[in-house]
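So you know, we letter chains A, B, ... as the sequences are listed, proteins then strands, and number each from 1.
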Amino acid sequence: MKFYKPDNLNELLGYINNLENKFYLLAGGTDINVQIKNGFINDEEIIYINHLDELRNIEDSERELKLGTLVTFAEILNSDLISNNFPFLQESLKNFASPLLQNMATIGGNIANGSPTADVLPLLLVLEAKLELVSSNSSRVVEIKDYFTGYKKTLLKSDEIIKNIILSKDKYHLFTKKLYKKVGARNALTIAKAAIACLIKTNNQVIEDFVIAAGSLNEFARRLYRVENYLIGKKFSELDYTEIETLLRKEITPISDIRSDKEYRFQVFYNLLENFLTV
Amino acid sequence: MKISFTLNNKKVSIDTEPTKRLLDVLREDFKMMEVKESCGEGECGACTVLLDDKPVTSCLLNIIHVEGKKVFTSEGLSKKFLGKLLIDCFDETNAVQCGFCFPGFLVTSYHYLKTDGEANLEKIKVALSGNICRCTGYQKIFESVMLACLRNDSTGGKS
């Protein structure tokens, strides 16, 4: 296995700009080492980046919080900046893997690995996070809702890396109720059979704003716009749950696999949403 | 590639593949057989070690991850005040059955005792949630850690 360890971010970007081979970035190692063990990574080059502390900062400004790609889940769970600005994110990630993996796993890795079950994705989707993607000669910001284009397929070009995850503070405080729920076989170390994140803003029984995202229910984690559009502007008393179920069936296309079957996944997701809207 | 790190308070270095798993370096090159492999995917915690004082699964780390850092395995615990206290408590409550998960549980429990140490069952369960015992002796394990926390409190938290 070919190996490379750059001294800094610039060197990394210059190196991958000229690289023709397929490569993997090695950060915390919690996903990649499982793939190596199972024989999914063989000849690809491994580029170690976990020592690049310039990618590990949490930067605070008036309107946003910027998380470096190497920020670990333990750092997220212990960060005062995150508990002050996005307590929902911190509370929701308490059951991320286990405390042992939280110490190594990085937020950038959870996104870049591209798994539809990645815990952080439904949360970043409802928080309308943006990703800063950089290469040796470019820098662009994309919305996380546009980042995934298919199963493990993304907008990331072969010479780019995810540098920062950007969370806007503008809308967050307007939401009156928040839900994140991951359904799995047990509490610790569970890989979600279904995951839901939603934020709602209500005023006098009217739904003024609503965002919802699903994990593990499509080829990639995504926002459910048809459900959002149906709910926004309605009173709770006007909601037709048969219609919501129909819209949900159009939006999510669960698969049956080793962890669960599609009818269970659909039903559990629908129940969580109904419960959120009625209780 | 030559990698240097601190292993149980001793400076060591090794010339090896930088992607070799920390678990394999510890067992094969340093003959530290107390670090166990079971699932090899980070789910069971049998291979837990401390990396710069934080518990991690050594099966998901590559040796490059520990360059310039401190690695601590369960081997050194009996020489530490809190380690000895823990081992005595596991012993007294008969918490160890087949023993395979025990080195991992010890390392994670030691970290809990050192960094939090409150005799709080819910907190202990969360702290140990990355370690699995397939003899399923969890109650005795939780009791042991509770007992260690209480005893450590009564000594004034000396470590």
Side-chain angles (χ1 to χ4, degrees), chain A residues 1-7 23-53 70 72-75 77-78 93-106 109 113 184-191 259, chain B residues 1-3 5 16-24 37-69 101 104-105 107-109 111-112 115-116 122-133 136 138:
Chain A
M1 210 176 279
K2 205 174 167 226
F3 181 84
Y4 180 71
K5 183 187 168 197
D7 284 339
F23 65 88
Y24 284 90
L25 299 179
L26 173 59
T30 52
D31 273 315
I32 221 170
N33 278 302
V34 176
Q35 293 176 42
I36 293 172
K37 171 179 180 271
N38 291 330
F40 298 130
I41 298 175
N42 298 297
D43 302 328
E44 294 89 343
E45 183 161 346
I46 300 289
I47 303 175
Y48 182 68
I49 61 166
N50 209 46
H51 61 303
L52 300 179
D53 287 341
L70 292 182
T72 65
F73 285 88
E75 284 160 353
L77 291 170
N78 292 315
L93 289 171
K94 275 191 176 154
N95 276 339
F96 179 88
S98 76
L100 305 176
L101 300 198
Q102 286 161 10
N103 283 328
M104 291 305 292
T106 62
N113 185 47
R186 54 196 287 257
N187 284 333
L189 277 163
T190 209
I191 297 174
R259 282 188 282 277
Chain B
M1 193 179 208
K2 193 179 165 196
I3 316 263
F5 60 106
T16 189
E17 285 292 317
T19 52
K20 187 169 181 177
R21 297 186 305 173
L22 173 61
L23 169 68
D24 295 329
E37 173 162 21
S38 180
C39 74
E41 299 191 349
E43 295 203 23
C44 75
C47 66
T48 306
V49 299
L50 297 182
L51 175 63
D52 280 353
D53 300 322
K54 289 179 191 143
V56 294
T57 53
S58 61
C59 71
L60 295 184
L61 264 71
N62 309 89
I63 191 66
I64 188 74
H65 280 113
V66 310
E67 189 174 34
K69 297 183 190 259
C101 68
F105 267 105
V107 171
T108 315
S109 306
H111 176 260
Y112 178 76
T115 55
D116 186 317
E122 282 314 304
K123 276 189 171 183
I124 291 170
K125 283 183 179 176
V126 170
L128 299 187
S129 61
N131 293 79
I132 288 177
C133 162
T136 68
Y138 292 108

Q.
Whether the B:Asn62 and B:Thr19 side chains hold a donor-acceptor pair (N or O, under 3.5 Å, no angle test) is what I'd like checked.
A. no
Q: Could you look at B:Cys39 and say if it's the side chain, the backbone, both or neither that has a heavy atom under 4.5 Å from chain A?
A: backbone
Q. What part of B:Ile132 is in contact with chain A, defined as an atom under 4.5 angstrom from a non-hydrogen atom: side chain, backbone, both or neither?
A. side chain
Q: Below 4.5 Å from any heavy atom of chain B, which atoms of A:Asn38 appear? Answer side chain, backbone, both or neither.
A: side chain
**Q.** Under 4.5 Å from a heavy atom of chain B, the part of A:Ala27 involved
**A.** backbone
Q: Please determine if B:Glu67 and A:Lys5 form a salt bridge, counting it only when a charged side-chain N lies under 4.0 Å from a carboxylate O.
A: yes
**Q.** Criterion side-chain contact (heavy atoms from CB on, under 4.5 Å) on A:Thr106 and A:Phe73, from CA distance to verdict
**A.** CA-CA 6 Å; A:Thr106 62; A:Phe73 285 88; 5.8 Å; no
Q) Which residues in residues 39-52 of chain A have any heavy atom lying under 4.5 Å from a heavy atom of chain B? A) A:Ile46, A:Tyr48, A:Asn50
Q: List the steps and the verdict of side-chain contact (heavy atoms from CB on, under 4.5 Å) for A:Gln35 and A:Asn113.
A: CA-CA 11 Å; A:Gln35 293 176 42; A:Asn113 185 47; 2.9 Å; yes
**Q.** Mutual orientation of the aromatic rings belonging to B:Phe105 and B:Tyr138 [parallel < 30°, tilted 30-60°, perpendicular > 60°]
**A.** perpendicular
(Q) To the closest 0.5 Å, what do you measure between CG (B:Leu51) and OG1 (B:Thr57)? (A) 10.5 Å
Q. Under the 3.5 angstrom rule, does the side chain of B:Ser129 hit a backbone N or O of A:Ser98 as a donor-acceptor pair?
A. no
(Q) So, using side-chain contact (heavy atoms from CB on, under 4.5 Å) as the criterion, who are the partners of B:Pro55 when residues are at least two apart? (A) A:Leu100, A:Asn103, B:Thr48, B:Leu50, B:His111
